[in-house]
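The shown structure was predicted, so the numbers you read here are calculated from the model rather than taken from an experiment. Lettering follows sequence order; numbering is per chain, from 1.
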Protein chains: 2
Amino acid sequence: MINNQFKKGELYSFITGKASTAIARRLQKNFKETGIEITIEQWSVLYHLWKEDGQSQQQLCEATFRDKPSITRLVDNLEKSKLVKRVASKNDRRSNLIFLTKEAKALEQKTMDVANRTLNEALEGVTNGQIEIAKEVLQMVYDNLK
Amino acid sequence: MINNQFKKGELYSFITGKASTAIARRLQKNFKETGIEITIEQWSVLYHLWKEDGQSQQQLCEATFRDKPSITRLVDNLEKSKLVKRVASKNDRRSNLIFLTKEAKALEQKTMDVANRTLNEALEGVTNGQIEIAKEVLQMVYDNLK
DNA sequence: ATCATATAGTTGTTTATGCAACTATACAAA
DNA sequence: TTTGTATAGTTGCATAAACAACTATATGAT
């Protein structure tokens with residue numbers, strides 16, 4: 001019986017992810033107020049493309065922890081918004097490489113500023129030591145289940 | 001500049017809630033394998049009704065951290081599945097009180113067992129001290145943003 | 001009693017997720 | 001080469017979330 005003193009009332013918030021839901025809503029609100037017209041899901045894809053442009057959809061699946069249909073449709077919508085382009089891979093004709101447009105590149109700094117600000121709002125009053133431990137726990141949970 | 005040593009690479013997981021996504025997926029999978037035919041969102045509503053039956057939709061909004069349209073449709077689907085009934089309130093005719101059916105009452109213990117098992121899978125190798133701190137941090141984040 | 005406002009719930013629209021089924025291409029073994 | 005299998009991506013369907021606009025009822029001020 002692992003962690004058997006973990007009480008039910010506490011269980012609920014862990015499972016339902018109220019904290020990350022709250023962060024996501026606030027980030028979306030802050031994007032909107034800053035005039036940034038993307039969803040946080042689209043932002044999470046752009047985030048990985050800013051780190052490395054020209055990734056395949058499969059790579060984006062792994063990076064964003066989403067399945068293939070989700071990425072297909074996020075890329076569809078990002079393409080409609082002129083933020084990315086699909087380019088067929090020359091090595092492997094099954095594969096699309098996704099490239100940022102100029103418009104998307106211009107968004108990077110602005111959105112990262114908003115994201116950092118949002119995180120500061122979220123973590124106000126939390127010590128760095130606490131954050132480190134919370135981060136470790138979330139990583140362990142992810143590793144246990146992924 | 002609060003928490004200014006909080007690095008970008010770490011930011012991403014916090015915002016995207018990969019850990020709670022992983023827990024939610026695993027719980028859904030465990031429900032399915034146990035023959036429990038509800039979504040985790042429906043379960044989160046039932047969870048609060050098991051604690052107190054006959055709550056209004058508005059109360060369920062606050063309890064589950066969802067907006068009114070989300071609860072309207074979750075209750076719609078729970079009603080279709082014969083798990084709850086809407087009953088018009090006698091005191092306030094604007095308000096619906098939501099009551100569990102026998103079928104839903106029979107689900108409580110089985111789903112709570114699966115949820116506890118899922119949480120044990122998620123938290124394997126995490127100490128109770130770490131869990132306590134993570135829980136505090138998530139609560140503070142929620143309180144900062146809600 | 002009347003009127004303004006607040007509250008409870010519903011509906012429509014867009015975006016996203018999860019799952020299964022599908023197409024097309026690559027690759028490896030015979 | 002052929003054949004079987006794995007991989008990359010798409011499509012269809014059901015469920016859910018976010019937001020705005022809406023209806024109906026309640027409440028408080030005059």
Side-chain angles (χ1 to χ4, degrees), chain A residues 16-18 20-33 37-46 54-81 83-84 86-98, chain B residues 16-18 20-33 37-46 54-81 83-84 86-98:
Chain A
T16 56
K18 279 163 82 167
S20 60
T21 301
I23 291 177
R25 284 186 197 161
R26 179 63 64 91
L27 180 59
Q28 186 71 73
K29 180 170 162 256
N30 287 345
F31 276 166
K32 195 172 186 180
E33 285 174 6
E37 302 255 310
I38 59 176
T39 67
I40 51 167
E41 293 84 1
Q42 292 170 0
W43 177 80
S44 81
V45 172
L46 296 178
Q55 293 189 62
S56 69
Q57 294 187 200
Q58 184 57 44
Q59 286 176 300
L60 292 173
C61 288
E62 284 145 25
T64 64
F65 196 40
R66 288 185 168 84
D67 69 357
K68 290 190 291 179
S70 292
I71 290 297
T72 292
R73 279 143 179 158
L74 281 172
V75 171
D76 285 348
N77 284 335
L78 284 166
E79 235 180 359
K80 271 187 221 157
S81 309
L83 293 172
V84 305
R86 279 181 170 94
V87 177
S89 165
K90 287 174 185 175
N91 307 333
D92 185 341
R93 286 197 298 164
R94 292 170 303 180
S95 168
N96 293 330
L97 304 182
I98 311 302
Chain B
T16 56
K18 280 164 82 168
S20 59
T21 301
I23 292 178
R25 283 185 200 163
R26 177 64 64 90
L27 180 59
Q28 186 70 73
K29 180 170 161 255
N30 287 344
F31 276 166
K32 196 172 186 180
E33 284 175 5
E37 301 255 311
I38 57 176
T39 67
I40 50 168
E41 293 85 1
Q42 291 170 2
W43 176 81
S44 80
V45 172
L46 296 177
Q55 293 189 62
S56 70
Q57 295 187 199
Q58 184 56 44
Q59 286 176 300
L60 292 173
C61 288
E62 284 147 25
T64 64
F65 196 39
R66 287 186 168 83
D67 69 359
K68 291 191 291 180
S70 293
I71 290 296
T72 292
R73 280 145 179 159
L74 282 171
V75 172
D76 286 348
N77 284 335
L78 284 166
E79 235 179 0
K80 272 187 222 159
S81 310
L83 293 172
V84 306
R86 280 181 170 94
V87 177
S89 165
K90 286 173 185 175
N91 307 334
D92 186 340
R93 287 197 299 163
R94 293 170 303 181
S95 168
N96 293 330
L97 304 183
I98 312 301

Grab the [atom1]-[atom2] distance between [X] and [N] for me, whole Å please.
X	N	atom1	atom2	answer
A:Lys32	D:dA18	NZ	C1'	9 Å
A:Leu74	D:dG9	CG	P	14 Å
B:Asp92	D:dG28	CG	P	12 Å
B:Asn77	D:dA17	CG	P	10 Å
A:Lys68	C:dA20	NZ	P	13 Å
B:Asp76	D:dA16	CG	P	10 Å
A:Glu62	D:dT7	CD	C1'	11 Å
A:Arg26	D:dC19	CZ	C1'	17 Å

Using heavy-atom distances to pick each residue's nearest nucleotide on DNA chain C, tell me which of A:Lys90 and A:Ser70 is more 5'. A:Ser70
Under 4.0 angstrom, heavy atoms only, what part of the nucleic acid is B:Ser56 near: base, sugar-phosphate, or nothing?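 Sugar-phosphate contact only.
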Using a heavy-atom cut-off of under 4.0 Å over every strand shown, decide if B:Asp67 touches base, sugar-phosphate, or nothing. base
Whether the B:Ser44 and A:Thr16 side chains hold a donor-acceptor pair (N or O, under 3.5 Å, no angle test) is what I'd like checked. no
With a 4.5 Å cut-off on side-chain heavy atoms, are B:Arg25 and B:Lys29 touching?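 Result no, sub-4.5 Å side-chain heavy-atom pair not found.
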OP1 or OP2 of [N] versus the side-chain N and O atoms of [X]: is any pair under 4.0 Å?
X	N	value
A:Ser95	D:dG9	yes
B:Arg73	D:dA17	no
B:Thr39	D:dA16	yes
A:Gln28	D:dA17	no
A:Thr72	D:dT10	yes
B:Arg86	C:dT10	yes

Select one nucleotide: of [options], the one nearest the side-chain heavy atoms of [X].
X	options	result
A:Gln58	D:dT11, D:dG9, D:dA17	D:dG9
A:Gln57	D:dC13, C:dG12, D:dG9	D:dG9
B:Arg25	C:dG18, D:dA18, D:dG9	C:dG18
A:Arg93	D:dA17, C:dT25, D:dT15	C:dT25
A:Asn96	D:dG9, C:dG18, C:dT17	D:dG9

Between A:Gln57 and the options A:Lys68, A:Arg66, A:Arg86, the side chain to side chain contact (heavy atoms under 4.5 Å, CB included) test singles out A:Arg86
Run the side chain to side chain contact (heavy atoms under 4.5 Å, CB included) test on A:Gln55 and A:Leu97 for me, step by step, so that the C-alpha distance in whole Å, both residues' side-chain angles and the decisive distance to 0.1 Å come before the verdict. CA-CA 5 Å; A:Gln55 293 189 62; A:Leu97 304 182; over 6 Å; no
Once you round to the nearest 0.5 Å, how far does OG1 of B:Thr64 lie from NZ of A:Lys18?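 NZ of A:Lys18 is found 8.5 Å from OG1 of B:Thr64.
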Check the surroundings of atom CD in B:Glu37: do more than 12 heavy atoms from other residues, nucleotides or ligands lie under 6.0 Å from it?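 No, because the 6.0 Å sphere around CD of B:Glu37 holds 12 heavy atoms or fewer from other groups.
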Would you mind telling me which residue lines up with the more 5' stretch of DNA chain D, B:Ile71 or A:Gln59, judged by nearest nucleotide?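 That would be A:Gln59.
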I want to confirm an ordering. Mapping A:Cys61 and B:Arg94 to their closest nucleotides on DNA chain D, which one lands closer to the 5' end? A:Cys61
